[in-house]
Amino acid sequence: MSEALTAILPLDGLQSGGSGPLYLKLRQSLEDAIRSGKLGHGDALPAERDLADYASVSRVTVRKAVDDLVRDGLLTRRHGSGTFVVKPLSRVEQPLTKLTSFTEDMARRGLVSRSEWLERGLFHPSPEEMMMLGLAPGTMVARIGRLRFGNDMPLAIERASISAEFLPDPVSLQQSLYAELEKKDARPVRAIQRISATNLKKIDAGLLEVPIEAAGLSIERVSYLASGRVVELTRSLYRGDAYDFVAELSLGDS
């Protein structure tokens, strides 16, 4: 164990190298190992006891260093499993002036997108879905829930509701919802989007591989056809450490 720790955490000078709290020095050593790739995404961090013995510090010191990195999103604790490395992300800038799909956003940035299905099928609509989508009695609604990845990193949870008129077979949907809607001349041309801050709860944080209560962005999008009819109601959760939504403003009339 000590040989493996030496390979990823050369701690020479931890005790003697200058002033400052030991936990900050250990924290910096761990962060350097993560950012340099010595500790890769998904790697398990050695047990606190092993780190404490190796670095000749107390377990309290180790816990403070690890807590700092968990708060910064570089480590995540999984109950009953241990502490794991989370790859640092380059932030994605998403303009608020264009109506694009997640797949298109990732492709424009040179990232490879993929999805894992959380839900997919036809359902009897809820009262809210009937009202928001303007559904007639007896109309079914297609619901799709996806965990969205960019370069194999989970970035967002998307849950969309669409009239079955436009998406009669959601199980056959492969990748881009907008590409599928375009085949039926039902791709939205405008949308109203509401963004609010949130703290990610246990299940969503687990899917996005961030700490529980980590900062996230909650987004509700209502998308319209050229006729003015609502075609899509989507609620999404985005990682707060990965996304910046950017709007260009101009001087208006006073």
Side-chain angles (χ1 to χ4, degrees), residues 1-92 106 111-116 118 147-157 197-217 237-244:
M1 175 61 73
S2 60
E3 291 181 1
L5 283 169
T6 302
I8 59 175
L9 290 174
L11 294 177
D12 296 340
L14 179 66
Q15 296 286 354
S16 58
S19 60
L22 287 175
Y23 87 91
L24 287 179
K25 297 179 186 178
L26 179 59
R27 180 203 183 286
Q28 188 61 55
S29 294
L30 290 168
E31 181 176 350
D32 290 345
I34 293 169
R35 295 194 181 278
S36 68
K38 291 179 181 178
L39 283 170
H41 176 71
D43 285 351
L45 196 70
E48 288 182 359
R49 178 175 54 194
D50 294 330
L51 279 171
D53 290 345
Y54 168 68
S56 298
V57 297
S58 70
R59 292 181 66 176
V60 172
T61 296
V62 173
R63 190 169 299 116
K64 288 184 68 175
V66 171
D67 285 346
D68 263 19
L69 293 171
V70 168
R71 281 193 293 270
D72 287 349
L74 295 177
L75 295 174
T76 184
R77 287 191 175 97
R78 298 175 188 168
H79 183 69
S81 299
T83 303
F84 295 84
V85 174
V86 179
K87 181 181 178 181
L89 289 175
S90 298
R91 298 182 71 86
V92 176
M106 294 299 103
L111 302 177
V112 178
S113 66
R114 69 177 180 87
S115 302
E116 290 183 3
L118 304 175
L147 179 61
R148 312 304 301 267
F149 293 79
N151 282 3
D152 283 327
M153 290 298 298
L155 296 178
I157 299 167
T198 189
N199 293 105
L200 298 170
K201 303 306 180 187
K202 182 177 181 180
I203 294 176
D204 296 327
L207 289 171
L208 293 173
E209 298 183 6
V210 297
I212 298 172
E213 297 296 323
L217 295 170
L237 288 172
Y238 283 77
R239 290 177 61 143
D241 63 349
Y243 258 83
D244 288 323

Do the side chains of [Y] and [X] get nearer than 4.5 Å, heavy atoms only?
X    : Y    : answer
D67  : L75  : no
L118 : L207 : yes
K64  : D68  : no
K201 : E213 : yes

Give, for atom [atom1] of [X] and atom [atom2] of [Y], the distance between the pair rounded to the nearest 0.5 Å.
X   : Y   : atom1 : atom2 : result
T61 : L22 : OG1   : CG    : 5.5 Å
L69 : E31 : CG    : CD    : 6.5 Å
R59 : D50 : CZ    : CG    : 9.0 Å
L30 : T83 : CG    : OG1   : 10.5 Å
L51 : S56 : CG    : OG    : 12.0 Å
T76 : L45 : OG1   : CG    : 11.5 Å

Worksheet item: Under the 3.5 angstrom rule, does the side chain of D43 hit a backbone N or O of G40 as a donor-acceptor pair?
Response: yes
Testing the basics here: between [X] and [Y], what is the closest heavy-atom pair and its distance to 0.1 Å?
X    : Y    : value
L200 : G216 : CG-CA, 4.2 Å
P154 : F149 : N-CD2, 3.4 Å
L237 : L208 : O-CD1, 4.3 Å
V210 : A214 : CG2-CB, 3.9 Å
I34  : L74  : CD1-O, 3.9 Å

Worksheet item: Between E116 and R148, is there a side-chain N and carboxylate O pair less than 4.0 Å apart?
Response: no
